[in-house]
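Here, residue 1 is the first one in the sequence, and each next residue gets the next number.
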Amino acid sequence: ARKIANKLKGSPLAAKTVGRLLHKHLSQEHWNGVLEKHQWLKQQENEDIMQSLKISYDYLPFDLKKCFSYCGLFPEDHRFTSSEINHFWFAIGIIDSDHQADRNYLEELVDIGFLMNQSDFYVMHDLMHELSKIVSAQECLNISGLDFRADAIPQSVRHLSINIEDRYDANFEEEMCKLRERIDIANLRTLMIFRGYQEGRINKILKDSFKEINSLRVLFIVVKSAQSFPYRFSKLIHLQYLKISSSYNEDEMSLPSTLSRFYHLKFLDLDSWCGSYDLPEDFSH
């Protein structure tokens, strides 16, 4: 126990997380396994506690690993609602809805310290958010600044989120062009935009970058007009989770009539939609 504690670098979060892992099996064999099995124990001079947190992640069941790792697509300090995160897990195929009644994955992640429950919301510690991005780096990408480099992004990425500031530079546009060539845009499964861009040029960059999408299961978008929707929006027939947000001054904007074509759609989130709530007449699911 002392040897393990010495490796946590005085971090309360690491102590809490690893402590919960140890508490699951109060046996000398389990504790020695934690002590001896992983390389993080040998990094005597490493002041980064990420390796201490990674040990707990390595011991998670496979389904909880997937649930946790995809949380890195959401912005730092994001306040998850139970329905939002569960719908997301369903839509990308992490959770089988037929078995959801048997388990509460959110509460399991809270119990082992990977999420925190704050009244009606769930939040993730900044270090846990960083860990989730690290362990999902081959599949997921969160662009949260203008300084990202497309060349460093794995070509296997299939889930993408963007929450940059309301500004851009020539370098950002160039990197977005490179990204379009580097990853398989047509086969992206997730595209999440988390803020409204007031500057028209950014909207155009994003729209041009994703004009080839056709296999999305999850789409979060912010729209200012009917022209803000992706070029191939009506062709996204595989969508299962769609979240549409709009500005507060767009109360006259209508929902697109093509919604009725999305026969696989399971979740339509209009919580941040400020336009008309009238659904298409032939909307029957």
Side-chain angles (χ1 to χ4, degrees), residues 17 50 53-100 103-118 121-144 148 152-164 179 183-185 187-195 210 213 215-221 236 238-243 245 264-267 269 271:
T17 305
M50 203 58 67
L53 301 179
K54 178 71 163 50
I55 180 72
S56 291
Y57 171 82
D58 288 341
Y59 272 89
L60 290 179
F62 178 77
D63 48 2
L64 281 184
K65 281 184 178 179
K66 299 297 286 185
C67 288
F68 170 74
S69 64
Y70 280 78
C71 289
L73 285 166
F74 291 83
E76 234 178 61
D77 301 321
H78 184 76
R79 301 173 75 195
F80 301 96
T81 64
S82 176
S83 61
E84 177 186 44
I85 192 62
N86 276 303
H87 292 170
F88 173 68
W89 287 336
F90 288 150
I92 59 177
I94 292 178
I95 292 178
D96 183 349
S97 57
D98 293 336
H99 298 93
Q100 169 62 9
R103 296 183 63 180
N104 189 325
Y105 293 88
L106 266 174
E107 289 302 325
E108 287 187 43
L109 288 173
V110 170
D111 288 343
I112 56 180
F114 282 78
L115 286 173
M116 296 178 288
N117 190 337
Q118 294 185 351
F121 299 95
Y122 297 84
V123 296
M124 182 178 286
H125 191 284
D126 290 354
L127 288 174
M128 286 298 186
H129 185 265
E130 184 65 24
L131 176 63
S132 68
K133 292 199 296 183
I134 291 172
V135 298
S136 65
Q138 295 301 313
E139 300 175 76
C140 303
L141 171 65
N142 170 248
I143 297 175
S144 56
F148 82 99
I153 295 168
Q155 293 179 300
S156 54
V157 164
R158 292 293 179 269
H159 307 272
L160 177 64
S161 64
I162 302 175
N163 53 291
I164 63 172
L179 180 67
I183 67 176
D184 188 356
I185 296 294
N187 284 315
L188 276 181
R189 293 299 190 264
T190 301
L191 177 60
M192 307 164 83
I193 309 293
F194 281 103
R195 53 174 290 135
F210 303 114
I213 55 174
S215 300
L216 289 181
R217 271 56 172 177
V218 177
L219 177 62
F220 286 20
I221 51 174
L236 300 179
H238 302 291
L239 271 182
Q240 297 192 34
Y241 184 13
L242 174 62
K243 182 175 183 177
S245 304
H264 296 287
L265 191 66
K266 297 179 181 178
F267 311 109
D269 186 341
D271 188 54

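- Rounding to the nearest 0.5 angstrom, the gap separating the SG atom in C71 from the CG atom in L131 is 11.0 Å.
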Test log, rule side chain to side chain contact (heavy atoms under 4.5 Å, CB included), inputs F90 and F267:
CA-CA 10 Å; F90 288 150; F267 311 109; 3.7 Å; yes

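- Ring-centre distance between F194 and F74: below the 6.0 Å cut-off.
- Taken from CD1 in I112 to CG in L60, the straight-line distance is 4.5 Å, to the nearest 0.5 Å.
- The main-chain N or O of G72 is found under 3.5 Å from a side-chain atom of S132 such that the two form a donor-acceptor pair.
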Does the side chain to side chain contact (heavy atoms under 4.5 Å, CB included) test come out yes or no for K54 and V135, once each step is laid out?
CA-CA 9 Å; K54 178 71 163 50; V135 298; 4.0 Å; yes

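- Between Y241 and F220, a ring centre-to-centre spacing shorter than 6.0 Å is recorded.
- The CD atom of Q240 sits 12.0 Å away from the CZ atom of F88 when rounded to the nearest 0.5 Å.
- Contact annotation: the side chain of L188 approaches that of F210 to within less than 4.5 Å [non-hydrogen atoms, C-beta and beyond].
- L160 is listed as a side-chain neighbour of L179, based on a closest heavy-atom distance under 4.5 Å.
- Considering CG of L141 and NZ of K133, their distance stands at 9.0 Å, rounded to 0.5 Å.
- The shortest heavy-atom contact between E139 and K66 is OE2-NZ, 3.0 Å.
- Proximity of M192 to N142: side-chain heavy atoms (C-beta onward) are nowhere separated by under 4.5 Å.
- The backbone N or O of C67 sits less than 3.5 Å from a side-chain atom of W89, completing a donor-acceptor pair.
- Among pairs with a residue in residues 70-86, those fulfilling salt bridge (charged side-chain N to carboxylate O under 4.0 Å, His left out) read E84-K243, at least two apart in sequence or across chains.
- A donor-acceptor contact shorter than 3.5 Å is absent between the side chain of S69 and the backbone of S136.
- Here the closest heavy-atom approach between residue F114 and residue M124 is recorded as O-CG, 4.0 Å.
- Rounding to the nearest 0.5 Å gives a distance of 11.0 Å between CD1 of I143 and CG of L73.
- By the salt bridge (Lys or Arg N to Asp or Glu O under 4.0 Å) test, D184 is found to be paired with no residue, residues two or more places apart in sequence or in another chain being considered.
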Verify side chain to side chain contact (heavy atoms under 4.5 Å, CB included) between R103 and D63, making sure each step is shown before the conclusion.
CA-CA 11 Å; R103 296 183 63 180; D63 48 2; 2.4 Å; yes

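- The closest side-chain heavy-atom distance from S215 to R189 is below 4.5 Å.
- Taking each heavy atom of L191 and L216 in turn, the nearest pair found is N-CD2, 3.9 Å.
- Nearest heavy-atom pair, L106 versus L115, reported as atom, atom and distance to 0.1 Å: CD2-CD1, 3.6 Å.
- Summarising the geometry, atom CD1 belonging to I193 is positioned 4.0 Å from atom CD1 belonging to I162; distances are rounded to the nearest 0.5 Å.
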Do I85 and H78 pass the side chain to side chain contact (heavy atoms under 4.5 Å, CB included) test, and can you show the C-alpha distance, the side-chain angles, and the key distance before you say yes or no?
CA-CA 11 Å; I85 192 62; H78 184 76; over 6 Å; no

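- When all heavy atoms are compared, the tightest approach of I153 to F148 is CD1-CD1, 3.9 Å.
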